[in-house]
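Please read the structure below before turning to the comments.
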Amino acid sequence: MAKPTTPQAIRGTQDIFGAEAEAFAHVVETFERVRKLYRFRRVEMPVFERTEVFSRSIGETTDVVSKEMYSFEDRGGESLTLRPEFTAGIARAYLTNGWQQHAPVKLATHGPLFRYERPQKGRYRQFHQLNAEIIGAGEPQADVEVLALADQLLKELGIAEGVTLQLNTLGDAASREAWRAALVEYFRDHAAALSEDSQDRLERNPLRILDSKDSRDRPFVADAPRIDDFLGGEAQDFFGKVCEGLKAASVEWQRAPSLVRGLDYYRHTAFEFVTDRLGAQGTVLGGGRYDGLVETLGGPHTPAVGWAAGIERLAMLVGEAPLDAPLLTVIPDEPEDESLANRIAALLRHAGVSADIAFRGSAKRRFEVARRNGSRARLVIRRQKSTEGIPSRLGHHVVVNEPDSFDPADSAYRNLILKVLSDHFDVIRQDRAAQGYWVDAVLKERT
RNA sequence: GCGAUCGUAGCUCAGUUGGUUAGAGCGCCGGUUUGUGGUACCGGAGGUCGGGGGUUCGAGACCCCUCGAUCGCCCCA
C-alpha cells in the first residue's frame with residue numbers, strides 16, 4: 001500500500017508554537033485585562049455571516065469584496081463569508097439583538113479573521129485581531145475613550161516606545177466631500193506626473209493617493225489640499241475636543257494629514273498606531289469613527305467608533321513574553337517512585353506551584369530535560385539510603401535543589417514547597433538550605 | 001493578480017567550474033565517564049537533495065514546468 005501523503009496547511013495559515021504562542025497569549029491576556037479596566041464588555045461573535053453583512057457595508061471598493069473575501073455557498077445556496085473584520089458583524093448583532101437598548105455600548109472581542117490575500121510579513125489569510133468598539137455614541141469623548149484604551153494597551157505590552165499614534169480627521173460628510181473634490185481636481189492637474197498606480201487611484205479611490213509609497217507621488221502629496229481647509233465649524237470643534245481629551249488622558253499623538261480611510265462611511269477621527277519595525281506592514285492598530293456603517297445594514301443612524309489591532313504584529317513587537325512563574329521539575333529516581341512523583345506534583349500544583357514531571361529516560365536523562373526546560377528548581381525523589389542509618393522502608397528522601405546557586409530572595413518559594421510537603425507528609429529529617437539545596441528532607445507517609 | 005529571492009537529515013545550514021557510497025552542528029536513541037549528576041567521550045537511527053520533465057557518459061548543482069516558503073507591489077475593511 002502506498003504511504004499516505006501528508007496534507008499541507010492552507011496557504012497563509014499559521015501553526016503558532018513555543019515562544020511565539022506565549023507572546024500571542026500574552027497579548028490577548030493583556031488586552032482582556034486592560035479592556036476590563038475601561039469597562040468594555042466582552043462579546044463573542046460568529047466567525048461567518050451572510051455575505052451581504054460585509055459586502056453591503058464595504059460597498060464600492062470592489063477589489064475587497066470580489067477578490068479578498070473568503071466566500072462560499074452553503075448547502076442551501078446561501079452565500080456566506082468568513083469574517084474579514086469584526087465591525088460589520090458587530091453592527092449586525094447590534095441590530096438583530098436589540099443592543100440599542102444598551103447604547104451607548106462599549107464592546108470588546110478578539111479572534112480569527114480571514115482575508116484572501118497573498119501572505120507576507122505580518123499578513124496572513126487567517127489572522128487574529130483584538131477589537132474594541134463604542135456603538136451609539138457620537139460624542140468626541142467616545143473617540144478619546146477608545147484611543148486611551150489602545151494607548152494603555154500598548155504601554156502595558158511594553159511596546160509603546162517604538163510605536164506612534166498617527167491621528168487625522170476626515171471631517172463630517174460635507175467637509176469630507178469638499179476635500180475629496182478638491183483633491184481630485186488637484187491631482188487631475190498633475191495626473192501625467194503621477195505613478196501609474198496613482199493615476200488609476202484617481203478614478204477609483206483618490207484619497208488613497210495620499211498614502212502612496214511611490215516616490216514620484218510624494219512631492220504632489222506634500223502640497224495637496226489639506227482637510228483642515230475644508231472642515232466646517234462643527235467638524236473643527238469635534239476634532240478639537242478629541243485632541244483636548246487625548247491631552248487630558250495623556251495620550252501622545254502626531255498629526256497625520258495624509259491618513260485616510262478607504263471606505264465612505266468613515267467620519268471625523270481616523271487613526272493608526274504605526275511602527276517602523278515591521279517592514280511594509282507597520283500598522284499595528286488602526287481605526288476610526290464610522291458613523292455611516294449601521295445605516296448601510298438597514299439600521300437607524302448610529303454613530304460609532306472603534307479599532308482593531310493585529311495580534312500577530314503585536315506579538316512580534318512584544319518579542320519574548322515575560323517569564324512564567326518559576327518552574328519546578330519533579331524527578332523520580334526510580335520507576336517505583338513515579339506515582340509518588342505524580343502525587344507530590346499534584347500537591348504542589350494545587351498550591352499554585354508550576355510543576356513538571358520528568359517521566360522518561362534514565363535518571364541522567366531526566367536531569368538533562370529538567371535543565372533544558374528552564375526549571376528553576378528540581379525536586380528529586382529517591383529511596384532513603386540505609387547507610388545513613390534509616391531503613392529504606394521508613395520513607396523517601398526528597399531533595400529540592402536549584403541549578404545555579406541558592407538565592408535567599410526566593411525563600412518564600414522554598415518555604416511554600418516545604419509547607420506543601422510538611423502538610424501532607426511527616427518530615428522526619430529536614431536540613432533547610434544545606435549547601436546547594438533549598439530543601440533536603442526525608443518524608444514518611446503520615447499514618 | 002504581479003515581482004524578487006529561496007526549497008539538501010526533526011532544526012540551522014555546508015556541499016568547490018556538474019564526477020563515483022550526500023556532510024557538519026544541534027536535537028533524538030543507546031553506552032562509557034562524572035561527587036546528588038549543567039561534564040567529556042564513544043556509538044546509532046534518520047535524507048527518493050520539494051515534485052515532474054529535459055540537457056549530459058554523468059545532475060543536489062545547468063534548463064523548463066509545477067508545488068511550497070519568504071519578502072515586496074496592488075489592496076488594506
Quantified in whole Å, what is the [atom1] atom distance between nucleotide [N] and nucleotide [M]?
N     : M     : atom1 : answer
B/C67 : B/G51 : P     : 15 Å
B/C28 : B/G23 : P     : 23 Å
B/G68 : B/U21 : C1'   : 31 Å
B/A59 : B/A22 : C1'   : 13 Å
B/C62 : B/G25 : P     : 27 Å
B/U8  : B/C13 : P     : 9 Å
B/G44 : B/U56 : P     : 41 Å
B/C2  : B/A14 : P     : 30 Å

If I take atom [atom1] in residue [X] and atom [atom2] in nucleotide [N], what distance separates them, rounded to the nearest angstrom?
X        : N     : atom1 : atom2 : result
A/Phe127 : B/C76 : CZ    : P     : 14 Å
A/Glu312 : B/U70 : CD    : P     : 13 Å
A/Leu210 : B/C75 : CG    : P     : 13 Å
A/Asp200 : B/G1  : CG    : P     : 18 Å
A/Ile10  : B/G68 : CD1   : C1'   : 13 Å
A/Leu113 : B/A77 : CG    : C1'   : 10 Å
A/Gln281 : B/G72 : CD    : P     : 6 Å
A/Lys121 : B/C76 : NZ    : C1'   : 18 Å

Answer yes or no: does a side-chain N or O of [X] lie under 4.0 Å from OP1 or OP2 of [N]?
X        : N     : value
A/Gln8   : B/C67 : no
A/Arg378 : B/U36 : no
A/Gln120 : B/C71 : no
A/Arg201 : B/C75 : yes
A/Asn205 : B/C76 : yes

To the side chain of [X], which of [options] is closest?
X        : options             : value
A/Tyr266 : B/A77, B/C67, B/C76 : B/A77
A/Lys213 : B/A69, B/A77, B/C74 : B/C74
A/Arg261 : B/C73, B/G68, B/A77 : B/A77
A/Ala280 : B/C74, B/A77, B/G72 : B/G72
A/Arg208 : B/A77, B/G72, B/C74 : B/A77

Decide yes or no on salt bridge (charged side-chain N to carboxylate O under 4.0 Å, His left out) for A/Glu49 and A/Arg83, but give the supporting numbers first. CA-CA 7 Å; A/Glu49 299 269 359; A/Arg83 62 184 181 195; over 6 Å; no

Closer than 3.5 angstrom, by distance alone: can the side chain of A/Gln166 be matched with the main-chain N or O of A/Glu272 as a donor-acceptor pair?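 Looks like no, no N/O pair under 3.5 Å.
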
Now, which nucleotide makes the Watson-Crick or G-U wobble pair with [N], with each of the two distances under 3.5 Å?
N     : answer
B/A4  : B/U70
B/G43 : B/C29
B/U55 : none
B/G18 : none
B/A24 : B/U12

Contact nearer the 5' end of RNA chain B, comparing A/Phe54 with A/Ala9: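 Result of the comparison: A/Ala9.
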
Where each residue is assigned the nucleotide of RNA chain B containing its nearest heavy atom, which of A/Arg11 and A/Tyr265 is assigned the position nearer the 5′ end?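 Here A/Arg11 is the residue nearer the 5' end.
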
Apply the test side-chain contact (heavy atoms from CB on, under 4.5 Å) to residues A/Val353 and A/Val420: give CA-CA distance (whole Å), side-chain angles for both, the deciding distance (0.1 Å), then the verdict. CA-CA 10 Å; A/Val353 175; A/Val420 170; 5.5 Å; no

Both conditions, 6.0 Å and 45 degrees, for the charged tip of A/Arg125 above the ring of A/Tyr116: are they met here?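 Yes - A/Arg125 lies over the ring of A/Tyr116, closer than 6.0 Å to its centre and within 45° of its axis.
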
Quick check: do A/His424 and A/Ile344 have side-chain heavy atoms less than 4.5 Å from each other?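 No. Closest side-chain heavy atoms not under 4.5 Å.
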
Determine, for nucleotides 3-10 of chain B in 5'-to-3' order, which nucleotides have protein heavy atoms under 4.0 Å from the base (write B), from only the sugar-phosphate (write S), or from neither (write -). --------

Which part of the nucleic acid, if any, lies within reach of A/Gly279 when heavy atoms closer than 4.0 Å are counted: base, sugar-phosphate only, or nothing?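 Sugar-phosphate: the residue A/Gly279, judged by heavy atoms under 4.0 Å, touches backbone atoms but no base.
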
Indicate whether the side chain of A/Ser175 and that of A/Asp172 have a donor and an acceptor atom separated by less than 3.5 Å.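 Yes, a side-chain donor-acceptor pair sits under 3.5 Å.
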
Pairing donors with acceptors under 3.5 angstrom, does anything connect the side chains of A/Glu312 and A/Gln14?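 Result is yes, a qualifying pair exists.
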
For A/Val260, the option from A/Ile227, A/Asn205, A/Asp211 that meets side-chain contact (heavy atoms from CB on, under 4.5 Å):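 Option passing the side-chain contact (heavy atoms from CB on, under 4.5 Å) with A/Val260: A/Asp211.
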
Listed partners of A/Arg35 passing side chain to side chain donor-acceptor pair (under 3.5 Å), at least two apart: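 Residues passing side chain to side chain donor-acceptor pair (under 3.5 Å) with A/Arg35: A/Glu32.
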
Once ring pair (Phe, Tyr, Trp, His ring centres under 6.0 Å) is applied, what residue pairs with a partner in residues 258-299 of chain A remain, sequence neighbours excluded?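 Qualifying pairs: A/Phe238-A/His268.
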
